[in-house]
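Below: one structure, written as C-alpha cells.
Worth saying up front: this structure is predicted, and the values here are computed from it rather than measured. In the text below, chain A, chain B and the rest are named by the order of the sequence lines, each starting its count at 1.
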There are 2 protein chains.
Amino acid sequence: MAATIRDVAQASGVHVSTVSRTFSAPHLVNTETRNRVLAAAEDLGYRPNRAARALTTGRTHNLGLIVADIANPFFSHLIKGAQAHARTRDYHVFVADTDEDPQVEEELIQTLAKQVDGVLLCSPRLSNRVIEKLREDVPFVVVNRRMKGMSNVLMDVGSGAREAIGHLVSLGHRRIALLAGPAGSWTSREITDAAHAVPGIDLTVFGPNSPTEHGGLALAEAVASADVTGVLAYNDLMAIGLVEGLTALGVEVPGRVSVVGIDDIVAGRVSRPKLTTVAMPAEAAGRTAVDLLLQLVGAGETATPALATLATNLIIRDSTGPVRRELRTDP
Amino acid sequence: MAATIRDVAQASGVHVSTVSRTFSAPHLVNTETRNRVLAAAEDLGYRPNRAARALTTGRTHNLGLIVADIANPFFSHLIKGAQAHARTRDYHVFVADTDEDPQVEEELIQTLAKQVDGVLLCSPRLSNRVIEKLREDVPFVVVNRRMKGMSNVLMDVGSGAREAIGHLVSLGHRRIALLAGPAGSWTSREITDAAHAVPGIDLTVFGPNSPTEHGGLALAEAVASADVTGVLAYNDLMAIGLVEGLTALGVEVPGRVSVVGIDDIVAGRVSRPKLTTVAMPAEAAGRTAVDLLLQLVGAGETATPALATLATNLIIRDSTGPVRRELRTDP
DNA sequence: GTGAAAGCGCTAACAC
DNA sequence: GTGTTAGCGCTTTCAC
C-alpha cells in the first residue's frame with residue numbers, strides 16, 4: 001500500500017493536520033515545517049488520496065462526460081477539448097458512451113453522479129423532463145440542447161443549416177432532402193426547423209436516422225428515387241455514407257445530386273468528391289463546456305446558468321454544384 | 001445532499017450494517033428485511049457512494065485509460081471498446097490524453113494511480129524504465145508495447161508490415177520508403193524492424209514523425225524527391241496527409257508512388273484513391289485490455305501477467321498499384 | 001440474521 | 001502555527 005498522510009506525519013515529526021495543511025493551505029504553515037513535510041512526502045512518494053479528500057470536502061475533482069458515440073469524430077474532438085481543459089484545472093474526467101441509447105444515458109448519469117462534481121451531457125437523447133429530474137442529483141452543462149435554467153453550450157447549427165440550404169438554392173436547387181438525425185436530438189430539430197423556414201424550396205425530410213455512415217448508406221436508394229437534387233445531412237458521417245451509396249447506384253455527386261454534411265471531420269475533407277459541410281467547433285465546445293461547468297460547481301447553490309453559443313460556418317468544397325439544366329424546376 | 005446509507009437504515013428500521021449487506025452481500029440478509037431495505041432505498045433514491053466504499057475496500061471500481069491522442073480514430077475506437085466493456089463489469093473509466101508528451105504521460109499515471117484499480121496504457125511514449133517504476137504504484141496493462149513481466153495487448157503489426165511490403169514487392173516495387181511514427185513508439189519500432197528484415201528491397205526510413213495528417217503532409221516533398229516508388233506509413237492519418245501532399249505536388253498515387261497506411265480508419269476508406277492499409281483491431285484491443293486488467297486486479301499480488309496478440313490484416317484498395325515500367329529497378 | 005464498533009485517508013473546526 | 005478531535009459514507013470483524 002502506498003504512503004498515507006500519517007506516514008508523512010510520522011516521518012516529519014508533525015501531526016497529520018499539519019501535513020494536510022501543507023497540501024491544501026500551504027500559507028498557513030511555517031516555511032521550515034512545510035519544507036520538512038514536503039521533503040518527507042517526496043521521500044515516501046506520498047500523493048494525496050483524492051477519493052478520501054472528496055469524502056470530507058464534498059469535491060471529487062472529477063467530471064463526467066457523456067456522449068452518444070465516442071468513435072464519432074465530432075465527439076472525440078469534443079472529448080479531447082474537454083479533457084485537456086479539465087486537466088489544466090486539475091480535474092479528471094470520466095468518459096462514457098451511451099451508444100445512442102437514452103436508457104443507458106440515464107443510468108450512466110445516475111451512477112456517475114456521486115463520483116463527480118458535475119457532468120457534461122453532450123447531445124442528449126433523453127427527454128427534457130428526465131434531464132430536469134436528474135439535475136437534482138448533480139450539476140449539469142448540456143451541450144447541443146437548449147434548456148431553460150441550465151448552463152448550455154450551443155452551436156449555431158440553425159444558421160449553419162440556413163447557410164447550407166442557401167448555398168444549395170444559389171446553385172439552383174429547389175427540391176431538397178433533409179436527412180434527419182436520431183430521435184431526441186435537439187440539433188436535428190434545429191436543422192429541421194431552420195430548413196422548413198427557408199422560403200421557396202420543396203423540402204422532403206427523411207428520418208429519424210442513425211447518425212452514422214451506415215445510416216446514410218441506407219438512405220441512398222430512397223434519396224435516389226426521390227425527386228430531389230440537393231441534400232443536407234445531419235452529419236458528415238451520414239453524408240459520406242450517402243455519397244458512397246449514391247455512387248454505387250450510379251448517381252453522380254454533385255452531377256445529379258448535391259450533398260452537404262455537418263461537422264467537418266477529416267474523412268469529409270479527404271473523400272471524393274470533397275464534402276461541402278457546416279463546420280462545428282467541437283473542441284472549443286468541449287473547452288467551453290468545462291469552463292461553464294466549473295463555474296457552476298464553484299458557485300454552489302447560488303450558481304447562475306450561463307449560455308454560450310458558438311458560431312458555425314459553411315465550407316464549400318466539391319460535393320455541391322449547380323443543378324443540371326434538365327433537372328431544374330424554375331427558370 | 002443525496003441519501004446516505006444511514007438514511008436508508010433509519011427509514012427501514014435496521015442498522016447501517018444491514019443496509020450495507022443488502023447491497024454488497026445480499027445472500028447474508030433475510031429476504032423480508034432485504035425487501036424492506038430495498039424499498040426504502042428505492043424510495044429515497046439511494047445510491048451507494050463508490051468513493052466511500054473504495055476507502056474501505058481498496059477497490060475503486062474505476063479504471064484509467066491513457067492514450068496519446070483522443071481524436072485519433074485508432075484511439076477513439078480503442079476507447080469505445082474499452083469503455084463499453086468496462087461498463088458491463090461495473091467499472092467506470094477515466095480517459096486522458098497525453099498529446100504525445102511523455103512528461104504528461106508520467107504525471108497522468110501518477111495522479112490517476114490512487115483513484116483507479118488499474119490503468120490501460122496505450123502506445124506509451126515513456127521509456128521501459130519509467131514504466132517499470134510506475135508499475136509499483138498501480139497495476140498496468142500495456143497496449144502496443146511488449147514488456148516482460150507485464151500484461152500486454154499487442155497487435156501483430158510486424159506481420160502486417162511484412163504483408164504490406166510483400167504486397168508492394170509483388171507489384172514490382174523495390175525502392176521503398178518507411179514513414180516512422182513518434183519516438184518511443186514500440187509499434188513504430190516493430191514496423192521498422194519488420195521492414196528492414198524484408199530481403200531484396202532498398203529501404204529508406206524517414207522519421208521520427210508526428211503521427212498525424214500534418215506529419216504525413218510535411219513529408220510529401222521529401223518522399224517526392226527521394227528515389228522511391230512505394231511507401232509504408234506508420235498510420236492512416238500520415239498516409240492520407242502524404243497522399244494529399246503528393247497530389248498537390250503533381251505526384252500521382254498510385255501512378256508514380258504507391259502508398260500503404262496502417263489502422264483502417266474511415267477516412268482511408270473514403271479518400272481517393274481509397275487507401276490500402278493494414279487493419280488494426282482497435283476496439284477489440286480495448287475490450288481485451290480491460291479483460292486482462294480486471295483479471296490482474298482480481299488476482300491481487302498473485303497475478304500472472306498475460307499476453308494477448310491480435311491479428312492484423314492487409315486490406316488492398318486503390319492507393320497501391322504496379323510500379324511503372326520506366327521506374328522499375330530490376331526485370 | 002442483525003447490531004455494535006472500529007477504521008479506511010483525509011479535512012475542518014476548535015483549542016492551545 | 002500546530003495539535004486535538006470528530007466525522008465524511010461505507011465495509012467489516014466480532015458479538016449476540
Categorize B:Phe23 for me: base, sugar-phosphate, or nothing, with a 4.0 angstrom heavy-atom threshold over every strand shown. nothing
Distance-only check: which donor-acceptor pairs under 3.5 Å involve side-chain atoms of residues 36-55 of chain A, not counting sequence neighbours?
residue : atom : partner  : partner atom : Å
A:Arg36 : NH1  : A:Ser12  : O            : 2.6
A:Arg47 : NH2  : B:Gln110 : OE1          : 3.0
A:Asn49 : OD1  : A:Ala51  : N            : 2.9
A:Asn49 : OD1  : A:Ala52  : N            : 3.1
A:Arg50 : NH1  : A:His61  : O            : 3.3
A:Arg50 : NH2  : A:Asp90  : O            : 3.4
A:Arg50 : NH2  : A:Asp90  : OD1          : 2.7

Just call it for B:Thr57: base, sugar-phosphate, or nothing, with non-hydrogen atoms closer than 4.0 Å on any strand. sugar-phosphate
Check the orientation of A:Phe94 and B:Phe94. Use parallel for under 30°, tilted for 30 to 60°, and perpendicular for over 60°. parallel
The answer to which of B:Asn49 and B:Arg21 contacts DNA chain D further toward the 5' end, by nearest nucleotide, is B:Asn49
Round to the nearest Å and state the distance from B:Lys114 atom NZ to C:dG9 atom P. 10 Å
Between C1' on D:dC8 and NE2 on A:His61, what's the gap in Å once rounded to a whole number? 16 Å
Listed by chain and number, what are the side-chain hydrogen bond (donor to acceptor under 3.5 Å, both in side chains) partners of B:Asp99, not counting sequence neighbours? A:Lys80
Under 4.0 Å between any heavy atoms, over every strand shown, what does A:Val14 touch: base, sugar-phosphate, or nothing? Just pick one. sugar-phosphate
Within the structure, does a side-chain N or O atom of A:Thr56 lie under 4.0 Å from either OP1 or OP2 of C:dC10? no
Could you tell me the separation between the CD1 atom of A:Ile5 and the P atom of C:dA12, rounded to a whole number of Å? 11 Å
Expressed in angstrom and rounded to an integer, what is the separation of B:Arg53 atom CZ from D:dT11 atom P? 4 Å
Is the shortest side-chain N/O distance from B:Ser17 to OP1 or OP2 of D:dC10 below 4.0 Å? no
Phosphate contact (C:dT2 OP1 or OP2) by B:Thr33 side-chain N/O below 4.0 Å: yes
From CG of B:Leu28 across to P of D:dC14 the rounded distance in Å is 15 Å
Please report the distance, rounded to the nearest Å, between CG in A:Asn30 and P in D:dG3. 11 Å
Please report the distance, rounded to the nearest Å, between CD in B:Gln10 and P in C:dT2. 18 Å
A:Gln10 CD: over 12 foreign heavy atoms closer than 6.0 Å: no
Does atom CD (A:Glu283) have a neighbourhood of more than 12 heavy atoms from anything else shown, all under 6.0 Å? yes
Nearest-nucleotide 5' precedence on DNA chain C, B:His15 against B:Ala52: B:His15
Separation of C:dT11 atom P from A:Arg59 atom CZ, nearest Å, is 15 Å
Within less than 4.0 Å of OP1 or OP2 of D:dC8, is there a side-chain N or O belonging to B:Arg6? yes
